[in-house]
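Just below is one structure, and these are the notes that go with it.
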Protein chains: 2
Amino acid sequence: MTVMETTGTRTDTCAGPTQQQNRRPDGDDHYTISEVVAFTGLTAHTLRWYERIGLMPHIDRSHTGQRRYTNRDLDWLDLVGKLRLTGMPVADMVRYAELVREGDHTYGERFELLQTTREDVLARIDELRGTLAVLDRKISFYADAGRALASERSR
Amino acid sequence: MTVMETTGTRTDTCAGPTQQQNRRPDGDDHYTISEVVAFTGLTAHTLRWYERIGLMPHIDRSHTGQRRYTNRDLDWLDLVGKLRLTGMPVADMVRYAELVREGDHTYGERFELLQTTREDVLARIDELRGTLAVLDRKISFYADAGRALASERSR
DNA sequence: CGCTTGCTTGGAGTGCACTCCAAGGTTCTA
DNA sequence: TAGAACCTTGGAGTGCACTCCAAGCAAGCG
């Protein structure tokens with residue numbers, strides 16, 4: 001049995017609200033770099049850079065050497081996008097990509113990495129909630145001050 | 001009437017779960033840079049840098065030119081810390097600091113800035129929740145795969 | 001008094017995540 | 001079949017937020 005990160009047929013399914021329409025059916029899923037730019041919002045520079053640093057697998061090439069991305073590559077980029085949103089350093093994502101490439105025996109390590117990331121995200125959400133509370137207090141302070149200034153002007 | 005950001009006596013009050021004990025009473029609140037380092041977790045380098053770029057007001061000096069921070073400075077650093085957590089660029093925080101220094105007539109702009117930031121934080125929390133969902137799906141996928149591998153081994 | 005520890009300054013350096021460039025080959029449209 | 005638009009590469013450059021350095025002054029202690 002093989003633990004795959006992402007496959008042509010199912011990908012730990014239901015990819016969420018991501019822009020996944022416009023995709024070609026698996027089998028003739030060959031996208032140019034500019035199509036992937038349109039899908040992901042990343043720049044072509046960044047996509048090439050991701051490949052260079054090992055955050056992407058080596059992408060298939062056309063007979064003339066141009067990149068041809070597959071649906072699987074797009075799925076991977078979706079995940080990377082999500083992880084990036086968490087603030088995970090690129091180096092850690094590269095590490096994860098390496099684990100995937102290395103095969104099944106890295107399963108445990110990958111699992112742990114995901115769980116650590118999950119904890120980080122929860123902590124981050126909590127931090128943001130704390131900040132939100134401060135912001136709300138400050139905003140209502142300003143609203144009060146605004147009313148005071150207004151009534152002062154009307155006096 | 002003056003809209004103050006932070007005062008010696010009240011600061012739009014109840015500063016939250018921040019480490020505010022160990023503070024000296026207002027009036028002999030004079031902290032060295034290393035004390036502020038201990039309070040905030042920032043480095044002395046960073047504190048000096050904040051002052052240089054205008055993210056802090058000019059800090060009082062001792063007769064020999066050493067920085068002496070006040071409770072008010074600590075309050076400001078608390079806010080800066082919170083804003084930093086939201087991912088607000090330092091340049092924007094500097095802008096806010098300038099508005100505060102410029103006085104009452106910047107009230108409206110400050111209010112807007114805070115509200116924009118609030119919206120950003122809400123959006124960020126939502127993003128993180130989306131990521132959390134992806135992570136949870138992936139984690140349970142790995143958990144299932146783990147069970148499958150285990151049962152395979154036991155066969 | 002000497003020593004350690006802490007503080008000062010301007011300016012240079014670091015690490016991250018891109019971002020861009022030049023020079024040239026490829027693919028599409030009229 | 002010409003020209004525009006797009007793609008390739010390695011390597012250099014950018015912007016942000018620190019982070020560190022060297023040289024020197026200051027304060028507290030035995």
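Chain naming here is simple, since letters A, B, ... match the order of the sequence lines and numbering starts at 1 in each.
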Between [N] ([atom2]) and [X] ([atom1]): distance, integer Å:
{"X": "Ile59(A)", "N": "dT8(D)", "atom1": "CD1", "atom2": "P", "answer": "11 Å"}
{"X": "Ile33(A)", "N": "dT9(D)", "atom1": "CD1", "atom2": "C1'", "answer": "12 Å"}
{"X": "Glu51(A)", "N": "dT8(D)", "atom1": "CD", "atom2": "P", "answer": "9 Å"}
{"X": "Tyr69(A)", "N": "dC7(D)", "atom1": "OH", "atom2": "C1'", "answer": "11 Å"}
{"X": "His30(A)", "N": "dT27(C)", "atom1": "NE2", "atom2": "P", "answer": "15 Å"}
{"X": "Leu42(B)", "N": "dA17(D)", "atom1": "CG", "atom2": "P", "answer": "14 Å"}
{"X": "Asp60(A)", "N": "dC7(D)", "atom1": "CG", "atom2": "P", "answer": "16 Å"}
{"X": "Arg84(B)", "N": "dA17(D)", "atom1": "CZ", "atom2": "P", "answer": "10 Å"}

Which nucleotide in the set [options] lies at the smallest distance from any side-chain heavy atom of [X]?
{"X": "Ser34(A)", "options": "dT26(C), dC18(C), dC7(D)", "result": "dC7(D)"}
{"X": "His45(A)", "options": "dC7(C), dT9(D), dT19(C)", "result": "dT19(C)"}
{"X": "Val90(B)", "options": "dC6(D), dC18(D), dT26(C)", "result": "dC18(D)"}
{"X": "Gln66(B)", "options": "dA17(C), dT8(C), dT8(D)", "result": "dT8(C)"}
{"X": "Thr46(A)", "options": "dC18(C), dC20(D), dA17(D)", "result": "dC18(C)"}

- prompt: Which residue lies toward the 5' end of DNA chain D, Ala91(B) or His63(B), if each is placed at its nearest nucleotide?
  reply: Ala91(B)
message: Below 30° counts as parallel, above 60° as perpendicular, anything between as tilted: where do the rings of Phe39(A) and Tyr31(A) land?
response: perpendicular
Check every strand shown and say whether [X] touches a base, only sugar-phosphate, or nothing at a heavy-atom separation below 4.0 Å.
{"X": "Arg67(A)", "answer": "sugar-phosphate"}
{"X": "Thr32(B)", "answer": "sugar-phosphate"}
{"X": "Arg68(B)", "answer": "nothing"}

- prompt: Taking it one step at a time, do Arg84(A) and Lys82(A) satisfy side-chain contact (heavy atoms from CB on, under 4.5 Å)?
  reply: CA-CA 5 Å; Arg84(A) 212 168 44 115; Lys82(A) 293 289 182 195; over 6 Å; no
Considering just the side-chain nitrogens and oxygens of [X], establish if one lies under 4.0 Å of OP1 or OP2 belonging to [N].
{"X": "Arg48(B)", "N": "dT9(C)", "value": "no"}
{"X": "Tyr50(B)", "N": "dC18(D)", "value": "yes"}
{"X": "Thr64(A)", "N": "dG25(C)", "value": "no"}

- prompt: Pick from Asp120(B), Val121(B), Leu122(B): which one makes a side-chain contact (heavy atoms from CB on, under 4.5 Å) with Arg118(B)?
  reply: Leu122(B)
- request: State which residue, out of Gln66(A), Arg67(A), Arg48(A), fulfils the side-chain contact (heavy atoms from CB on, under 4.5 Å) condition with Ile59(A).
  value: Arg67(A)
query: Do Leu83(B) and Leu85(B) share a hydrophobic cluster (ILVMFWY, side-chain heavy atoms under 4.5 Å, transitive)?
result: no
Donor-acceptor pair under 3.5 Å, Arg52(A) side chain vs dG11(D) base: yes
message: Could you check whether any side-chain N or O of Asn71(A) sits under 3.5 Å from a backbone N or O of Asp29(A), counting only pairs where one atom can act as donor and the other as acceptor?
response: no
